Amino acid sequence: QVQLVESGGGLVQAGGSLRLSCAASGRTFSSYAMGWFRQAPGKEREFVAAVSWSGFNTYYADSVKGRFTISRDNAKNTVFLQMNTLKPEDTALYYCAATYTKVVLTREETYTYWGQGTQVTVSS
């Protein structure tokens, strides 16, 4: 069982930056691939970024590539999402997710554990 708690969301102006964190419980965090997803009002949840168990492999949605960076610290059971050059269309509830695998996964249905989400609002 893995419990995930996101933090770091908030209100920021367009062009600004935020760093989201996701703290995971459990002693086998390094065996889990991690992902970030987001859901804007009235829209379906969508993939943002994912990182493999080692942190070596990452994958990004085209909409955030070059602006967002996912990373993890296995010693601290934490995964991060650095978001730069934020746009109003990045406004959403951001979720952290985990699944027991060594590869990078981008499909929502492949993730087993989910956090409650942290709100990111980007004003124009």
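Quick caveat: nothing in here was measured; it's all calculated off a predicted structure.
- When the side chains of ILVMFWY residues are joined at heavy-atom separations under 4.5 Å, either directly or via intervening members, Trp36 and Phe68 end up in a single hydrophobic cluster.
- No donor-acceptor pair under 3.5 Å is formed between the side chain of Asp90 and the backbone N or O of Ser63.
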The test is side chain to side chain contact (heavy atoms under 4.5 Å, CB included); show your working for Val64 and Arg38 and say whether it passes.
CA-CA 12 Å; Val64 307; Arg38 67 186 182 186; 4.0 Å; yes
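- Counting heavy atoms of neighbouring residues, nucleotides and ligands inside a 6.0 Å radius, atom CD of Gln119 exceeds 12 of them.
- The environment of Gln3 atom CD is sparse: at most 12 non-hydrogen atoms of other residues, nucleotides or ligands sit within 6.0 angstrom.
- Side chain of Gln39 to backbone of Ala92: no donor-acceptor contact under 3.5 angstrom is found.
- Under a cut-off of 6.0 angstrom, the local environment of CD in Glu109 is crowded, with over 12 non-hydrogen atoms contributed by other residues, nucleotides or ligands.
- Shown are Leu86, Thr91, Thr121; of these, the side chain to side chain contact (heavy atoms under 4.5 Å, CB included) with Val12 is made only by Leu86.
- Under a 3.5 Å cut-off, the side chain of Thr99 and the backbone N or O of Thr110 do form a donor-acceptor pair.
- Hydrophobic cluster membership is shared by Leu18 and Val79, with clusters built from Ile, Leu, Val, Met, Phe, Trp and Tyr side chains linked at under 4.5 angstrom.
- Side-chain contact between Tyr95 and Leu4 is absent, with no heavy atoms from C-beta onward closer than 4.5 Å.
- The closest donor-acceptor contact from the side chain of Glu6 to the backbone of Cys96 lies under 3.5 Å.
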Just do the salt bridge (charged side-chain N to carboxylate O under 4.0 Å, His left out) check on Asp62 and Lys65 with the steps written out, would you?
CA-CA 5 Å; Asp62 287 343; Lys65 201 172 295 183; 3.1 Å; yes
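- Using the six-membered ring where Trp is involved, Trp114 and Phe37 have ring planes that are tilted, between 30° and 60° apart.
- One distance of note links OH of Tyr94 with OG of Ser7; it measures 15.0 Å at 0.5 Å rounding.
- Nearest approach of Ala14 to Pro88, heavy atoms of both residues: CB-CD, 4.1 Å.
- Atom-to-atom distance recorded for Ile70:CD1 and Gln82:CD is 12.0 Å, nearest 0.5 angstrom.
- With hydrogens and angles ignored, the 3.5 Å screen pairs a side-chain donor or acceptor of Arg72 with a backbone N or O of Phe29.
- Expressed to the nearest 0.5 Å, how far OG of Ser30 lies from CG of Asn74 amounts to 5.0 Å.
- Here the side chains of Asp73 and Phe80 are in contact, with some heavy-atom distance below 4.5 Å.
- Environment of NZ in Lys102: crowded, with over 12 heavy atoms of neighbouring residues, nucleotides or ligands closer than 6.0 Å.
- When all heavy atoms of Ala33 and Tyr111 are compared, the closest pair comes out as O-CE2, 4.0 Å.
- Residue Tyr100 is grouped with residue Met34 when hydrophobic side chains (ILVMFWY) are merged at heavy-atom distances under 4.5 angstrom, including chains of intermediate members.
- Listed here is the closest heavy atom pair of Ala23 and Thr78: CA-OG1, 4.3 Å.
- Residues Tyr60 and Thr69 form a side-chain contact, since some pair of their non-hydrogen atoms from C-beta on lies under 4.5 Å apart.
- Val120 is listed as a side-chain neighbour of Met83, based on a closest heavy-atom distance under 4.5 Å.
- Of the inter-residue distances, the one linking Leu105 atom CG with Tyr59 atom OH reads 12.0 Å to the nearest 0.5 angstrom.
- Of all heavy-atom pairs spanning Tyr32 and Thr28, the tightest one is CD1-O, 3.1 Å.
- Hydrophobic cluster membership differs between Val103 and Trp53, with clusters built from Ile, Leu, Val, Met, Phe, Trp and Tyr side chains linked at under 4.5 angstrom.
- Two different hydrophobic clusters hold Val104 and Tyr113 under the rule that ILVMFWY side chains link at heavy-atom gaps under 4.5 Å.
- A heavy-atom distance below 4.5 Å is found between the side chains of Lys87 and Arg67.
- Summarising the geometry of Thr85 relative to Ser17, their closest heavy-atom pair is N-OG, 4.3 Å, with the distance given to 0.1 Å.
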